[in-house]
Amino acid sequence: MKAMHFPQLIERKRDGGTLTAAEIRQIIQSFTSDEIPDYQMSSFAMAVYFRGLDALETATLTAAMRDSGRVFSWPEDAPPRVDKHSTGGVGDKVSLVLAPLLACDGLWVPMVSGRGLGITGGTLDKLESIPGFDVNLSEKQCLVQIERLGLFMAGQTADFCPADKKLYALRDVTGTVPSRELIIASIMSKKLAESLDRLVLDVKFGPGAFMKTRDDAQKLAEGLQSAGTENNVATEFLLTPMAEPLGRTVGNALEVTEAVETLQGRGPADFVKLTLDLCEKVADSPRERLAGWLEDGTAWEKFTALVEAQGGDVSSLEKLSSSVHQAPVIRPFVAPGPGTLKTLDAGTLGAASVELGAGRQRAGDAIDFAVGFSGLRKCGDRVEKGEPLFLIHARSEDALAAAVEALGKGIEIEPT
Ligand code: URA
């Protein structure tokens with residue numbers, strides 16, 4: 001398609017028409033090779049935002065974006081490839097435990113993860129809090145490691161879904177991120193490029209998630225699932241609430257510490273439950289065996305092997321938040337009165353963690369691995385006046401004061 005024809009396609013979509021598979025593939029090819037300028041592609045994204053795409057258009061867009069770069073190819077006799085994708089939450093460190101657990105099951109886990117942006121954390125940032133851990137693996141390194149260990153946890157490279165990289169950057173500054181079909185194509189193109197057999201999606205809803213209502217999460221989940229199944233990946237999903245943070249920590253090194261404890265059989269109940277719920281959807285083994293691997297050291301051994309293989313310092317793992325990345329100021333946030341903890345708003349805690357430096361306001365911002373929250377009490381807990389609801393880990397007194405201010409009305413105790 002010559003670039004001069006693109007305005008007609010924009011107009012067709014603007015007016016509610018349908019694009020053919022060939023047209024969609026051509027758009028993505030021309031955009032990736034810089035033949036379509038950003039202003040036209042932004043206009044197209046806005047037309048899609050208002051008019052949507054039907055199921056076939058969405059599946060074609062997803063596949064075209066997958067094929068814009070490198071697609072993993074695995075040996076014919078390789079074990080089933082499985083992965084999980086979360087739409088992002090606060091305190092969501094599930095991947096750190098799920099990936100080694102699934103590898104213990106004899107499956108291959110080629111996990112390509114992202115960084116945190118906004119209030120939701122990212123697996124790559126958490127992994128990089130481990131001294132030496134290298135998330136920049138070549139395709140060859142990925143293959144060698146997965147053959148040896150059954151998993152790798154890496155970041156996106158320049159040639160992996162470049163169409164998504166370009167389009168996401170445009171959407172970010174043109175008000176077109178919240179288009180369901182563009183979100184589906186963006187997420188699933190990256191997952192499909194891993195050449196998976198099975199995928200489980202953790203679609204979160206609530207104040208700490210991208211989707212605020214269960215209904216919206218359900219619609220997104222169904223769209224993601226259909227893009228997966230239409231591209232031959234057995235795709236399952238769970239809708240999970242993100243009203244309060246997952247587990248008892250928020251912040252990079254603090255979350256790795258909690259994942260380490262969980263891999264050693266000492267994880268908080270909500271985190272362990274969600275991890276097993278998700279694993280069960282794609283594993284061969286039953287839940288009891290998966291849970292057993294958390295208890296008997298098998299999953300921990302797999303995780304330390306992963307850390308070692310990717311250059312990380314295994315000896316740092318058990319002291320990551322107590323000495324490697326210890327925040328200078330650690331202060332309790334206490335209950336102002338007795339009662340039942342009613343709200344510990346994930347959105348508010350996520351925003352306060354960004355204020356502390358645990359997350360990014362903009363892509364490329366530096367991350368402070370040490371800061372965040374630990375010892376989070378859970379909603380429904382009985383608390384007494386003056387009892388800590390959690391500890392705040394801050395870089396300075398000023399940062400602590402700003403975080404306390406950001407916590408605002410996010411915490412409610414029902415007097416009893
Ligand atoms: N995550 C992605 O990778 N893409 C989106 O469009 C939204 C969330």
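No experiment lies behind these values; they were computed from the predicted model shown. Atoms within a ligand are numbered from 1 in the order they appear, just like the ligands themselves.
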Q) Among protein heavy atoms, which lies nearest atom 1 (N) of ligand 1, and at what distance? A) I187 CG1, 3.8 Å
Q) Y168 heavy atoms, cut-off 4.0 Å: which ligand 1 atoms fall inside? A) 4 (N), 5 (C), 6 (O), 7 (C)
Q) Ring centres of F369 and F133 under 6.0 Å apart? A) no
Q. What's the verdict on salt bridge (charged side-chain N to carboxylate O under 4.0 Å, His left out) for E261 and R248, showing C-alpha distance, side-chain angles and the deciding distance?
A. CA-CA 11 Å; E261 289 165 3; R248 298 198 180 272; over 6 Å; no
Q.
Under a 4.0 angstrom heavy-atom cut-off, which atoms of ligand 1 come close to R171?
A. 6 (O)
Q: Please tell me if the side chains of M41 and I28 come closer than 4.5 Å, counting only heavy atoms from C-beta onward.
A: yes
Q) Does any non-hydrogen side-chain atom of V48 lie less than 4.5 Å from one of T176? A) no
(Q) Give me the nearest non-hydrogen protein atom to atom 4 (N) of ligand 1 as residue plus atom name, then the distance to 0.1 Å. (A) S186 OG, 2.6 Å
Q) Any idea which protein heavy atom is nearest atom 3 (O) of ligand 1, and the distance to it? A) K190 NZ, 2.5 Å
Q) Which is it for R198 and D284 under the salt bridge (charged side-chain N to carboxylate O under 4.0 Å, His left out) test, yes or no, and what are the steps along the way? A) CA-CA 11 Å; R198 308 172 201 160; D284 285 335; 3.0 Å; yes
